[in-house]
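As the structure lists them, so they are numbered: ligands from 1, and atoms in each ligand from 1.
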Amino acid sequence: MQHPYTIILAPNPSIMTGPGTNTILLGSGTGGATVIDPAVDDPTYLDAIVQEGERRGGIRRILITHGHHDHTDGAVALCERTGAPIHAFNRKGVPIADEEIPDGTTFPVGDDLLRAIHTPGHRFDHHCYLLEKARILFAGDVVAGVGTVVIIPPEGDMEVYLNTLKHLQELDIAEIVPAHGPTLADAQAKLAEYITHRMEREQQVLQALEILPPGATIPQLVQHIYTDVDPRLHAVAEWSVKAHLLKLEREGLVELLDNDGWTLVRPTA
Ligand SMILES: [Zn+2]
């Protein structure tokens with residue numbers, strides 16, 4: 001029997017994408033093949049996708065997890081080569097989409113069913129795709145096999161992201177296939193670890209605001225908190241700290257001062 005999915009690694013390695021984007025092929029026989037996240041307009045890479053697609057009955061559709069370039073840039077070329085339409089949550093997120101697919105949309109994949117699960121937070125338009133009988137989640141950028149998931153406001157939102165992780169915890173998932181890095185065999189342990197990590201970071205932001213003088217800027221907070229992270233990643237960490245601060249601001253725990261610095265909101269006696 002054929003393995004339920006094939007990963008084709010896109011030739012786009014970088015500090016943000018790790019070894020590159022995992023492009024997924026699923027399905028077989030008369031139902032044809034489904035492609036998730038054709039990432040690059042590169043002929044050799046697209047050849048490999050088309051070839052594997054033919055082995056799986058011919059490419060019928062292209063699914064996008066979200067509108068970041070490293071998930072969409074090969075979609076138009078692949079659509080032109082195969083005639084397969086591009087599906088995404090909405091055109092606001094992915095303007096090249098032929099069809100918008102809401103949460104819960106299902107596609108036949110071999111003798112299984114692939115379900116779109118709306119999972120915003122990393123980006124407002126994010127879908128994961130769950131292969132139901134096999135209990136395999138194609139997680140896009142909600143979970144990373146290497147490095148960390150970056151939340152960049154305003155398209156990303158920490159509170160929404162945490163709710164997405166909690167929503168995924170409620171689903172019957174055995175294995176996670178992220179868009180970057182290796183497959184994660186223990187899905188539930190990974191989701192729990194992600195939530196714990198984010199809550200720890202949030203506590204660190206609050207503690208840093210406690211220690212630093214009022215009006216601490218985001219770079220100052222990163223300097224204080226991210227002592228365990230390569231300084232080359234501090235620019236990325238600034239986005240995460242900003243995402244945490246915006247969540248805490250909404251919760252009434254911190255406020256932005258005139259100098260672009262942040263302070264704790266002290267309860268009035
Ligand atoms: Zn992304």
Side-chain angles (χ1 to χ4, degrees), residues 7-24 35-42 45 49 62-78 86-97 100-101 103 116-130 137-165 167-168 176-184 187 190-191 193-195 197-198 201 229 232-244 246-247:
I7 296 177
I8 293 176
L9 183 65
N12 63 344
S14 75
I15 193 159
M16 297 295 282
T17 60
T21 304
N22 292 326
T23 299
I24 313 295
V35 179
I36 303 175
D37 283 355
V40 195
D41 187 356
D42 172 274
Y45 157 76
I49 294 175
I62 299 162
L63 305 183
I64 303 292
T65 56
H66 65 296
H68 282 153
H69 284 286
D70 58 320
H71 300 260
T72 61
D73 278 1
V76 169
L78 188 62
I86 301 166
H87 298 66
F89 174 62
N90 64 17
R91 266 181 218 100
K92 182 174 173 235
V94 181
I96 56 167
E100 298 190 335
I101 46 169
D103 177 55
I117 299 172
H118 191 46
T119 41
H122 169 70
R123 197 168 192 261
F124 63 90
D125 64 332
H126 201 289
H127 267 343
C128 292
Y129 296 98
L130 178 63
L137 185 77
F138 301 96
D141 280 356
V142 171
V143 178
V146 285
T148 183
V149 171
V150 180
I151 312 287
I152 306 176
E155 291 183 342
D157 184 305
M158 189 62 74
E159 185 184 0
V160 173
Y161 177 66
L162 278 163
N163 287 337
T164 274
L165 292 174
H167 174 53
L168 291 178
I176 292 176
V177 182
H180 306 286
T183 293
L184 304 161
K190 198 45 139 180
L191 292 170
E193 179 193 317
Y194 263 53
I195 292 170
H197 173 69
R198 294 296 174 173
R201 285 289 188 220
V229 168
R232 284 176 301 173
L233 290 171
H234 277 189
V236 176
E238 286 183 18
W239 287 319
S240 282
V241 167
K242 185 170 186 189
H244 279 295
L246 293 174
K247 172 178 180 286

How about Lys242: does its NZ atom have over 12 heavy atoms from other parts shown lying under 6.0 Å from it? no
Contacts of Asn22 that satisfy side chain to side chain contact (heavy atoms under 4.5 Å, CB included) - sequence neighbours left out: Ile7, Leu9, Ile24
Given Asn12, which of Asp70, Thr17, Thr21 fulfils the side chain to side chain donor-acceptor pair (under 3.5 Å) condition? Thr21
Kindly write out the residues that satisfy side chain to side chain contact (heavy atoms under 4.5 Å, CB included) with Asp103, not counting sequence neighbours, or none if the list is empty. Ile117, His118
Among all residues two or more places apart in sequence or in another chain, which pass the side chain to side chain contact (heavy atoms under 4.5 Å, CB included) test with Asp42? Pro11, Val40, Thr44, Tyr45
Between the side chains of Thr119 and His126, is a donor N or O closer than 3.5 angstrom to an acceptor N or O? yes
Result, protein N, O or S atoms below 2.8 Å from the Zn ion (ligand 1), excl. waters, equals 4
